[in-house]
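Report on one structure; see the data block that follows.
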Amino acid sequence: MKKIFGAKKNQDPPPTIQDATDRITKRGDTVDEKIKKLDAELARYKEQIKKTRPGPAQEAVKARAMRVLKQRRMYEGQRDMLYNQTYNLDQVAFAAEGLKDAQQTMTAMKAANKELKGMMKTVKLEDIDSMQDEMMDLMDVSNEIQETLGRSYNVPDDIDEEELMGELDALEADMDFESESVPSYLQPDQESELNLPAAPTGHAAPPHQQQVVKIVGS
């Protein structure tokens, strides 16, 4: 059957905006090269016109320069047209990229919306309120337990602070009275703890002088 009707040819995919832009840019570069060559040729003709005298030779050089100048203007027109096409393609590419970004944003937002809806189904406001109430009750019970465990067994709860201050003052007065009733010989001396004789000063007397002293004393 393929031999009779022929096989279907595979069609090439259509060119993208980037492909068209690259192709036009390449053509523009080729036109720029041609314009540069014409500029160099015009500069050479200009020098020849300066060097030649007025006459048929100079007119012939001017005619060639005019022909080159017309070609240059034609290429400049083509270059401007290619630049305009490139600009239009850039605008289209920018718009296409903007649409792609918008599509991706919408897709991401739809997926996030779907995910949020699924999460909201598992979370209920009533359950959250009930859990908060239970947490508050548990905290109250915990505080009561801590207060009960930290209670002192021997200290009554209804103690008057003024009564405590009176007892404290009485204790201080008793301590002052006990310190005054201690005998003087048991209290430490301010100058010295023991009344010891002073140490001798100077050199000791020789033995014979000590005997003389004893005789005189006797």
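Note that the structure is a prediction, hence the values are computed from the model and not measured.
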*Side-chain contact test, heavy atoms from C-beta onward, threshold under 4.5 Å: evaluate it for Lys110 versus Lys114 and give yes or no.*
no
*Neighbour count >12 (heavy atoms, 6.0 Å) for atom CZ, Arg23*: no
*Are there more than 12 heavy atoms of other residues, nucleotides or ligands under 6.0 Å from atom CD of Glu115?*
no
Value rounded to 0.5 Å, distance of [atom1] in [X] from [atom2] in [Y]:
X      : Y      : atom1 : atom2 : result
Gln71  : Met74  : CD    : CE    : 6.0 Å
Ile24  : Thr86  : CD1   : OG1   : 5.0 Å
Thr21  : Leu89  : OG1   : CG    : 4.0 Å
Met106 : Asn113 : CE    : CG    : 10.0 Å

Donor-acceptor list for residues 122-142 side chains, cut-off 3.5 Å, not counting sequence neighbours:
residue: Thr122; atom: OG1; partner: Met119; partner atom: O; Å: 2.7

*So, for Gln48 and Arg64, which heavy atoms are closest and what is the spacing to 0.1 Å?*
OE1-NH2, 4.2 Å
*Could you state whether Met81 and Val92 fall into the same hydrophobic cluster, counting links through intermediate Ile, Leu, Val, Met, Phe, Trp or Tyr residues with side-chain heavy atoms under 4.5 angstrom apart?*
no
_Tell me whether Tyr75 shares a hydrophobic cluster with Leu69, the cluster being built from Ile, Leu, Val, Met, Phe, Trp, Tyr side chains joined at under 4.5 Å._
yes
_I'd like to know if the side chain of Gln18 pairs up with that of Asp22 as donor and acceptor (distance under 3.5 Å, no hydrogens or angles considered)._
yes
_Residues in side-chain hydrogen bond (donor to acceptor under 3.5 Å, both in side chains) contact with Asp19, at least two apart in sequence or another chain_ = Thr16
Less than 3.5 Å apart, which donor and acceptor atoms pair up between the side chains of residues 27-44 and the rest of the protein, not counting sequence neighbours?
residue: Thr30; atom: OG1; partner: Lys26; partner atom: O; Å: 3.1
residue: Asp32; atom: OD1; partner: Arg79; partner atom: NH1; Å: 3.4
residue: Asp32; atom: OD2; partner: Tyr83; partner atom: OH; Å: 3.1
residue: Asp39; atom: OD1; partner: Arg72; partner atom: NE; Å: 2.2
residue: Asp39; atom: OD1; partner: Arg72; partner atom: NH2; Å: 3.4
residue: Glu41; atom: OE2; partner: Tyr45; partner atom: OH; Å: 3.0

